[in-house]
Amino acid sequence: MEPAARSNVEIQVGIADYKIAMDPGRLITLGLGSCVGVSLYDPLSRLGGLLHVMLPDSTQFNNVTKPAKFADLGIPLIIKEMQSLGASPGRIQAKLVGGAQMFLGLDDKMTLNIGHRNTEKSREILKKMGIPILDEEVGGNRGRTMILDTRNGQVTIRTLGNKLKVI
Amino acid sequence: MANHPELSSTHMDALREISNIGMGNALTSLAQLVNRRINMDVPVATFIPFEQTVDLIGGSEELVSCVSIRITGDVPGLVLFVFNWESTLKLVDMLMGQEPGTTSELDEIGQSAVMEVGNVLTGAFVGAIYSLTALEMKSAVPLLAYDMLGAVMTSLMVASGRVEEQVLLIETRLFQEQAENNISGHFFMLTEPGSIERLFNALGLSMT
């Protein structure tokens, strides 16, 4: 890991959760499989948010205990909170990571490719809210760890073997 | 790790005992397959949110292999075997009759070897439950993933629709006595709602 990482606070974002940080904090979420990590960044206030989405659509569930689990509820929620902390929705830019299909040859009951649906729904919600998606690293069949650097909005993606990619 | 409110300690003991017998049977089959003695810890039966299974096994970014097998019939559910990477490669070597350390990557043959291990273990487990309870269960084709633990487990959880509930988790660790050849794996059985009731009824323990 680069030396800069040590001097910055790294905040972990759990499954079906979100966190917001300010420059120079870093937000990290580990092991995204079919889940989608949505990073949101306001370059002016240098405020960043990271959301770990598990499922696309909350309307298919009767009992929603954790809105951050769903793309349709989690994205508006985190944007609203960023706004209350000083970010402007007009400046926020998004990046998407994850949405993989981890198990190949899934049986009938499991073929509903959630990874793809998580990605699609996140794009749809962001579009509806007028938030541009600057870059994406989605699909495929590998797990990914995602790190948002609030100093510049850069997202680092780590896959197995410690390969790093920055978007 | 709270127990299910409707289940008494007698029920939990019964679950543990069933798992013990089922896994004992499964390990005998695995031992025959690899021609080595394999041990296990006493199974633990608990109700926990599926998310917590990741913490039980290891770190989110740890490389693991996971065989998952869907069970249909009287006690529908999902059976999972998770092996850390080193153990996965050792298992392949054992199955292929190779010196430990020969396998360094999971090629197609290695992948089917790991899936076969899952198949044999599950078949024996289900067979043991059948001989105890006459409950019939069928296992589907095994699915394999090998990647970061967090990515594998959350994807499974989502794909199997186990997002909102607490699940019954029967967990054990498999290992081999010879230190240089140690294999450790975790076994989970996630039952669907209603399955447990049928299992207890068959054992003569009704649920209140």
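All values below were derived from every heavy atom in this structure, side-chain atoms included, with hydrogens, water molecules and symmetry-related copies excluded. Throughout, a chain's letter reflects where its sequence line sits, starting with A, and its residues are numbered from 1.
Using a 4.5 Å cut-off between heavy atoms, A:Leu32 contacts chain B through its backbone alone, with no side-chain atom that close.
The OG1 atom of B:Thr154 sits 5.5 Å away from atom NE2 of A:His52, with the distance rounded to the nearest 0.5 Å.
Within a 6.0 Å radius of CG in A:Leu85, other residues, nucleotides and ligands contribute more than 12 heavy atoms. Around atom CD of A:Gln60, more than 12 heavy atoms belonging to other residues, nucleotides or ligands sit under 6.0 Å away.
Contact check for B:Met148 versus A:Leu30: no side-chain heavy atoms found under the 4.5 Å cut-off.
The main-chain N or O of A:Ser34 is found under 3.5 Å from a side-chain atom of B:Ser155 such that the two form a donor-acceptor pair. When atom types are taken as modelled, the side chain of B:Asp147 and the backbone of A:Arg142 share no donor-acceptor pair closer than 3.5 angstrom.
Taking chain B as the reference chain and counting heavy-atom pairs below 4.5 Å, the highest number among A:Gly33, A:Ala100, A:Ala16, A:Cys35 is found for A:Gly33.
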